[in-house]
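So that the names make sense, note that chain A is the first sequence line, chain B the second, and so on, each numbered from 1. Computed over heavy atoms, backbone and side chain alike; hydrogens, waters and symmetry mates excluded.
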Amino acid sequence: MKFLNPIKYAVLITLIFVLGNASANTGVALVHGTGHQTNAASDYWQWDMVNSIRQGLSNQSNYTVINCNFEKYMWDSAASGCLATQLTDFINSKGITDLVIITHSNGGNVIRWIMSNPTWDSRYPNIISKIRWVNALAPSSKGTPLANAVMQGNVFESALGWLLGYKSDAVRMQQTSWMDYYNGSWLLGTAGRPSLPKGFWNVVGTDVETAIWDGDSYCGGYHLNVGLEITQNWLNSCSDGFLECSSQEGAGSTWFRDTSRMNGSEPLSHNQSRRKCFGLDTILRNDL
Amino acid sequence: MKNILKTIALCALTTSVYAAKQAQWSVEFDVNKSSLISTNIDSPKANLNKQAISYSYPLNSNEKLNFDTIPFEEKSKQYWIDSTGAKLINGVDLPVTGGNTVIRISPMTNDKSIQLETSMISIQNNGEDKELKVFADSAQLKATGAAFSENTVALMVNAKAGKLNLKVDSFAEETPFVIHVLEPKSKYVLSLKTGQSTFDANQKISVNTDMLFGEEKLNAELQGYISRPDGSVLGNLEFTQGSDGNYKAEIDAEGSQGLVVGLWEVHVFAKSQDKGIDIMRDAQTSFVVNLNTAQFDGQLSISEENLKVGIDVGLTGRYEVRGVIMGTDAKTFELKPIAMTMAAAWLAEGKQTIELSINEKFIQESGLVAPFSIKNVQLNNQTYMAPVQTVKSGIDLL
């Protein structure tokens, strides 16, 4: 409980007060980022992360790992529609009354679509009513200049690249100017916009360890120094190697920045923020 | 916790403060039904749900809301050029302004066997051989999480202002390539933005662009075009330079489209010269055009805790109305948020209404008093996922 943000703590106390602790049936859903997942527990999160997090549940079977097509736009039936189906099935089959959602990267945008557009689909209001809060790991709330870099270019690249299937709708959507429009119109929770109906708490990756001699650089199976030395040229100094901090903190509230909570004050690269690295799993487990 | 208990206590003590009997739009509309789109548009549909859904939830009265929409400003330090294997074998000149320069080389083919290696690439800077500071292959680039194409590679060199000559050996001459150049620390920036983030269907789309060296505006040769959400080209942009040095262009927003497959985009390609060096920059930004398939008809009526909003529908589909219920702080007389309210329904062509919930409980719990209003009232077409109309000043509840 010591890791809880004071506001999160107040929300939790209120929920206990309103619902009654004994009656709450807590569940957790893990929502992946960009990509078409069919086995996200193994391929995206890895089981050691999933199993560690669900230890925080009084009923450890009350978890679901979402598998949807987040190569599509967030409003697409294969993206938010699929997420709504799997969350609704989970809520109904397990009798979940208190749902914590953990998202990574673009998964934050898809759940934010549902929370911002409850009139889009009759399943959305019920899902929102069950959500306690969303813990958004490195959400791409304001997009990334790297999406601009791979999408933009001259007419030739865009046109041919599109035909060759190099780029997905989701990458296109995460261009910075595109997310600026969606944040100002269809999505809620950014500065100056009405807040979301439930809390959206960001975990922010601020830096990347790339030292070849530092074993921490390898956590999660990633050692990215060469690629990052290129991609960081598109990003400012506060980034997780894929997203700038300003994007990760662009919607909702900052729960914490990596170095303030990770073991050894380690930063979380974009891939490490979905893996069992530096005690992240324990913090998420203790938040259930 | 203290605040929560205080709120609960206030709720118990507060009597009803909301008793609006009437509602009126804060502005008069130019209701012109003949301008509405009434035939199917050639655009994909995203939502054919026929079920009416209403939703509202309380907002914290301390939230600072800003209903102004500011167009996004793109600031580019990069450009792209087309090339071919044949040209690269002979060497391609790339203008650079000096400093660390990232060059991305993308063969435009599905042939994954085309994988460039460092030994195949040589670079000269103003006639002198340059060593690569960094070279990353496609696997290393993709491992960062960015969606680089399968056989793209990137390298970085520290260059002096002038020309980089990029030479790549040993691959098919007919293979098309795209070369992408980024100068991350350069002071030469192409700024690009539209006049508004959202245009009406009958408005001219205005585009503003500047080639900048720090704060200084430079002369530039500019080309550009606007693409619709489906990728079709609306038209080329003809830029004129104003007395302030800004370059501007305008074009009519023709060809209504939904946003299910994307946004409208502006693409600008710039060439400039400064202190004897060539500068190239490309920039792209996005905007939207309201889809006038319906409009608020100016009619409102209140019953119990519901507000019926009248809508002229030109094209049958799923429409949503949303807005922010606001009340007045009795001490500061500031207008503060109370709740978000939204409702959607399938509406057939003709005179229709959508009912917004005005939850009295939220109003009581807010502690705010009359006058109440609903601000930033938006009409959206959910079928085509497009904005239709926004009235920021909204509706007064009397």
Side-chain angles (χ1 to χ4, degrees), chain A residues 10 13-14 17 34 73 75-76 105 118-122 124-125 128 144 146-150 152-157 159-162 164 166-169 171-172 175-178 180-181 184-186 188 191-195 197 222 224 226-231 233-234 241-242 270-271, chain B residues 1 4 46-47 49 51 53-55 57 59-60 63-66 69 72 74 78 80-82 100 102 106 108 110 134 136 140-150 154 156 176 178 180 182 184 197 231 262-263 267 269 282 284-288 320 324 337 340 342-344 382 385 387:
Chain A
I13 294 295
T14 309
F17 179 73
T34 301
Y73 289 118
W75 54 87
D76 196 287
S105 194
T119 64
W120 185 269
D121 184 317
S122 58
Y124 290 5
I128 295 167
T144 173
L146 284 165
N148 305 0
V150 298
Q152 295 175 10
N154 57 25
V155 186
F156 181 75
E157 182 182 27
L160 192 57
W162 200 249
L164 294 173
Y166 286 157
K167 285 99 186 182
S168 68
D169 291 343
V171 177
R172 205 172 182 215
Q175 294 177 92
T176 49
S177 73
W178 285 48
D180 187 72
Y181 166 68
S185 55
W186 296 88
L188 300 173
R193 296 272 292 155
S195 59
Y222 290 98
L224 308 170
V226 176
L228 286 169
E229 282 187 57
I230 295 291
T231 58
N233 288 288
W234 276 276
F242 181 63
H270 195 64
N271 286 316
Chain B
M1 192 63 189
I4 294 162
N47 195 334
N49 180 11
Q51 193 173 348
I53 302 170
S54 175
Y55 191 85
Y57 62 95
L59 297 173
N60 186 320
E63 285 186 29
K64 300 292 179 203
L65 301 183
N66 181 356
T69 51
F72 184 84
E74 176 70 17
Q78 53 195 337
W80 288 256
I81 61 166
D82 293 328
N100 278 343
V102 176
S106 303
M108 303 309 291
N110 273 335
V134 184
Q140 289 164 326
L141 289 172
K142 284 168 78 74
T144 63
F148 289 106
S149 55
E150 287 299 333
M156 187 160 70
V178 171
H180 175 187
L182 168 72
S197 61
L263 303 181
H267 307 254
F269 317 103
D282 298 347
Q284 178 178 317
T285 190
S286 57
F287 62 95
V288 301
E320 184 205 53
V324 181
M340 189 78 199
M342 50 186 95
Q382 289 187 335
M385 213 201 113

Worksheet item: Do you know which of B/L182, B/N60, B/L263, B/V324 has the most heavy-atom pairs with chain A at a distance under 4.5 angstrom?
Response: B/L263
Item to complete: Output yes when a side-chain donor or acceptor of B/N100 lies under 3.5 Å from a complementary backbone atom of B/P184, and no otherwise.
Response: no
Item to complete: Pick one of side chain, backbone, both or neither for B/P337, based on which atoms fall under 4.5 Å of a heavy atom in chain A.
Response: neither
Worksheet item: Considering only heavy atoms, which portion of B/Q51 lies under 4.5 Å from any heavy atom of chain A: side chain, backbone, both, or neither?
Response: side chain
Worksheet item: Is a side-chain donor or acceptor of B/E63 paired with a backbone partner of A/S195 at a separation under 3.5 angstrom?
Response: yes
Item to complete: Tell me, out of A/G184, A/P125, A/G241, A/P194, who's got the most heavy-atom pairs with chain B below 4.5 Å.
Response: A/P194
Worksheet entry | Closest-packed option against chain A by number of heavy-atom pairs under 4.5 Å, given B/T69, B/V288, B/L59 | B/V288
Worksheet, complete the sentence: If you tally heavy-atom pairs under 4.5 Å between each of A/T144, A/N233, A/L146 and chain B, the highest tally belongs to A/N233
Item to complete: Supply the atom-to-atom distance A/H270 NE2 to A/L228 CG, rounded to the nearest 0.5 angstrom.
Response: 11.5 Å
Discussion item. What part of B/L65 gets within 4.5 angstrom of chain A, counting heavy atoms only: side chain, backbone, both, or neither?
Written reply: both
Fill in: Heavy-atom closest contact (B/W80 atom, B/D282 atom, distance)
N-OD2, 3.1 Å
Worksheet item: Given that the side chain runs from C-beta out, which part of B/F72 has a heavy atom under 4.5 Å from chain A: side chain, backbone, both or neither?
Response: both
Practice prompt. Please identify each residue that fulfils ring-ring contact (aromatic ring centres under 6.0 Å, His included) with A/W234, with sequence neighbours left out.
Written response: B/H180
Practice prompt. With a 4.5 Å cut-off on heavy-atom pairs, point out which of A/Y181, A/W75, A/W120 contacts chain B the most.
Written response: A/W120
Practice prompt. For residues B/M342 and A/P118, determine if any side-chain heavy atom of one lies less than 4.5 Å from a side-chain heavy atom of the other.
Written response: yes
Worksheet item: Do A/Y73 and A/R172 come close enough that some side-chain heavy atom pair is under 4.5 Å?
Response: yes
Item to complete: Check whether B/M156 gets within reach of chain A through its side chain, its backbone, both or neither, counting any heavy atom under 4.5 Å.
Response: both
Worksheet entry | B/A154 versus chain A, the contacting section by heavy-atom distance below 4.5 Å | both
Fill in: Residues forming a side chain to side chain donor-acceptor pair (under 3.5 Å) with A/T231, sequence neighbours excluded
none
